[in-house]
There are 2 protein chains.
Amino acid sequence: MPNKKYLDVRCEDCQFRRNSLFGALCTEESTRVSDAKSCTVYKKGQVLFHEGTRPLGVFCIYGGKVKVYKLGSDGKEQIIRIARESDVLGYKAMISEDEYPVTAETLEDCTICFLPKSDFLHLVTDSPSFNKRLLQSICHELGVMSNKLTNLAQKSVRERFAMALLMLKDTYGIDGEESEEVEINLTREDLANIVGTATETLIRLLHDFKEEDLIETRGRKIVVKNPRGLAKAARL
Amino acid sequence: MPNKKYLDVRCEDCQFRRNSLFGALCTEESTRVSDAKSCTVYKKGQVLFHEGTRPLGVFCIYGGKVKVYKLGSDGKEQIIRIARESDVLGYKAMISEDEYPVTAETLEDCTICFLPKSDFLHLVTDSPSFNKRLLQSICHELGVMSNKLTNLAQKSVRERFAMALLMLKDTYGIDGEESEEVEINLTREDLANIVGTATETLIRLLHDFKEEDLIETRGRKIVVKNPRGLAKAARL
DNA sequence: GAGGGGCTATGACTGGTATCAAGGCTAAAC
DNA sequence: GTTTAGCCTTGATACCAGTCATAGCCCCTC
């Protein structure tokens, strides 16, 4: 109810549109998407889609953070990314006609638009500019993945944690603005599942970084105080 | 000189075409690609493209194996994949207009076709069926990457090595044929760089797997004797 | 066939991380 | 105001895996 106003936002007026995949749409296409989409408020902890299910459409985040993770054989979550405003989720498996390889779950109350499968796919085939944007974005993402893979394989937990903090600083910061003080709001367990380590190990590193004046904690929240120091700790 | 005959193979007659990305081309498109491409024999250890350089075209493997790796901050290679006959390399960075995030290097003498950038990009924009095939392939690949990431983060070296052996069995086997006895021909160091571990550790595991009758070694070559046992060791 | 270089193998040692076990804090519920 | 549940934190311990050092092996060259 308090968020009801969001439900009326149309893509054409959406402040995030040009940053998102849908930035490549012309006015007419944007209007059609807007007519086809629906917008919903999700509670913290709700699942947008489940690993192993078939895609029915795509999700575009208007407000809030979403964790995208994969379950390992022993049930442990490996967080692949933290998605934020303007991010579009759930289209890759749709295009490749696979089951979802990952699960998407809200980390806080979220406002998220849903565009049905057929509308999205028509966009892919009928809008050359959208098609190009999509292709470029995905290809770029694959390069980023090679990087992540290499870091995970070769860097220590400490280094990976430093990297994760820098990444999260961006995710939790306001787009475009630098210097702003950013509070990262995640459970220790989620943090550990990003870095790929045990919760206890992560907490000990948190302690170390605090002593080294790289970060500051406010309750569960973490503030990056010294990004350059973190970059050094990550050997970047 | 002994391989000269390959140089004359045209895409239309290439036995790998329908398996490759180019399988989506119609006869006329295929002919145009064939006219534009050139075919070269590479010696073992030659580099097709270097991390950090700009793509000039795409490579399509007609014969031989190619390792695709990324260098970590301390210079250690992380092997992202082993490419084989019918695989197409080097197009993703081209599409996303990035520098190559990885290096591609032949593992043995190879026969490889090269298609210049502009010809490939025209295909992407002008052939809807090719465009679709490409998009699907890349989207699928990203799902596979999430999987790799999770395994790397959560599985032990022993489990990862078992998985790598199963994967390599496919890469070194003949497409479609099962049961065939497959020899994996890689240095211990390359194996370690696939698994993400130290060479010594890998050799010790090799020893263990041999004792457990999961594999057999012939000189440097490795033969998978018991795939189901390996799958169990990998907790798949 | 002697030498050398690169790859393979093994042993000893170390250290980074995971695991197990308590205990503490916070915030919401009763 | 007490209780409870869910996180967070800390300590002790074990072990997996990396590093260093050394030696064997194979193949190629001279």
Side-chain angles (χ1 to χ4, degrees), chain A residues 43-45 67 72-78 107-109 150-164 183-211 215-223 233-235, chain B residues 43-45 67 72-79 105 107-108 151-164 183-211 215-223 233-235:
Chain A
K43 288 271 166 227
K44 173 176 173 170
K67 67 172 167 180
S73 5
D74 48 359
K76 195 174 151 79
E77 294 177 6
Q78 180 61 38
L107 285 166
E108 51 198 54
D109 292 358
T150 306
N151 287 330
L152 201 48
Q154 299 193 359
K155 286 187 181 289
S156 69
V157 171
R158 182 188 156 91
E159 290 165 342
R160 268 149 44 202
F161 183 32
M163 291 187 36
E183 287 192 343
I184 297 167
N185 182 19
L186 284 171
T187 68
R188 302 301 187 235
E189 191 180 357
D190 279 339
L191 277 168
N193 291 341
I194 293 172
V195 175
T197 188
T199 308
E200 296 94 325
T201 303
L202 185 118
I203 287 170
R204 283 182 241 271
L205 284 172
L206 212 52
H207 180 89
D208 292 350
F209 283 178
K210 223 155 61 178
E211 281 199 332
I215 60 171
E216 194 181 309
T217 54
R218 299 180 189 156
R220 78 141 47 144
K221 299 197 176 133
I222 299 168
V223 177
R235 281 195 305 145
Chain B
K43 287 271 165 226
K44 172 177 177 172
K67 68 173 167 180
S73 4
D74 49 359
K76 194 174 150 78
E77 293 178 7
Q78 180 61 36
I79 297 182
E105 179 182 330
L107 285 166
E108 50 199 52
N151 288 329
L152 201 49
Q154 299 192 359
K155 286 188 181 290
S156 68
V157 171
R158 182 188 155 90
E159 289 164 342
R160 269 149 44 202
F161 183 32
M163 292 187 35
E183 287 192 343
I184 298 167
N185 182 19
L186 284 170
T187 68
R188 304 301 187 234
E189 189 180 359
D190 279 339
L191 277 168
N193 290 341
I194 293 173
V195 175
T197 188
T199 309
E200 296 93 325
T201 303
L202 186 119
I203 288 171
R204 282 182 242 271
L205 285 171
L206 211 53
H207 181 88
D208 293 349
F209 283 178
K210 224 156 59 180
E211 280 199 333
I215 59 171
E216 195 181 307
T217 54
R218 299 181 188 154
R220 77 141 46 144
K221 296 193 177 139
I222 300 169
V223 178
R235 282 194 306 146

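A note on names: the letters A, B, ... follow the listed sequences, proteins ahead of strands, and every chain is numbered from 1.
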Are there any protein N/O atoms within less than 3.5 Å of an N/O atom in nucleotides 6-11 of chain D, and if so, which ones and at what distance?
| unit_1 | atom_1 | unit_2 | atom_2 | d |
| --- | --- | --- | --- | --- |
| D:dC8 | OP2 | A:Arg188 | N | 2.9 |
| D:dT9 | OP2 | A:Arg188 | NE | 2.8 |
| D:dG11 | N7 | A:Arg204 | NH1 | 3.0 |
| D:dG11 | O6 | A:Arg204 | NH2 | 3.2 |

- Message: So, using side-chain contact (heavy atoms from CB on, under 4.5 Å) as the criterion, who are the partners of B:Glu200 when residues are at least two apart?
- Response: B:Ala198, B:Arg204
- Message: The criterion is salt bridge (Lys or Arg N to Asp or Glu O under 4.0 Å); which residues satisfy it with A:Glu159, sequence neighbours excluded?
- Response: A:Arg235
- Taking only residues two or more places apart in sequence, or in another chain, which ones meet B:Gln154 in a side-chain hydrogen bond (donor to acceptor under 3.5 Å, both in side chains)? none
- Those residues at least two apart in sequence (or on a different chain) that pass salt bridge (Lys or Arg N to Asp or Glu O under 4.0 Å) with B:Lys67 are B:Glu77, B:Asp190
- Query: Which residues satisfy the side-chain contact (heavy atoms from CB on, under 4.5 Å) test with B:Ala192, sequence neighbours excluded?
  - Reply: B:Thr197, B:Thr199, B:Leu202
- Task: Check the pair B:Lys155 / A:Ser73 against side chain to side chain donor-acceptor pair (under 3.5 Å), numbers first and verdict last.
- Result: CA-CA 9 Å; B:Lys155 286 188 181 290; A:Ser73 5; 2.8 Å; yes
- Item | Results of salt bridge (Lys or Arg N to Asp or Glu O under 4.0 Å) for B:Arg158 - residues two or more places apart only | B:Glu212
- Query: Between CG of B:Leu186 and CG of B:Asn193, what distance do you get to the nearest 0.5 Å?
  - Reply: 10.5 Å
- When you list every nucleotide of DNA chain C with an atom under 4.0 Å from a heavy atom of chain B, which one comes first 5' to 3', and which comes last? C:dC7 to C:dA12
- Message: Quick check on D:dA17: is either OP1 or OP2 less than 4.0 Å from any side-chain nitrogen or oxygen of B:Thr197?
- Response: no
- Query: Between the two ends of the helix from C:dG1-D:dC30 to C:dC30-D:dG1, what is the bend in degrees, rounded to 10 degrees, where each end axis spans five pairs?
  - Reply: 30°
- Whole-Å distance, B:Arg218 CZ to D:dC26 P, equals 17 Å
- Query: What integer distance in Å separates B:Lys44:NZ from D:dC27:C1'?
  - Reply: 12 Å
- Task: State which residues pass side-chain hydrogen bond (donor to acceptor under 3.5 Å, both in side chains) with A:Lys44; sequence neighbours excluded, sorted by chain then number.
- Result: none
- Message: List the residues meeting salt bridge (Lys or Arg N to Asp or Glu O under 4.0 Å) with A:Glu183, not counting sequence neighbours, and say none if there are none.
- Response: A:Arg218, A:Lys221
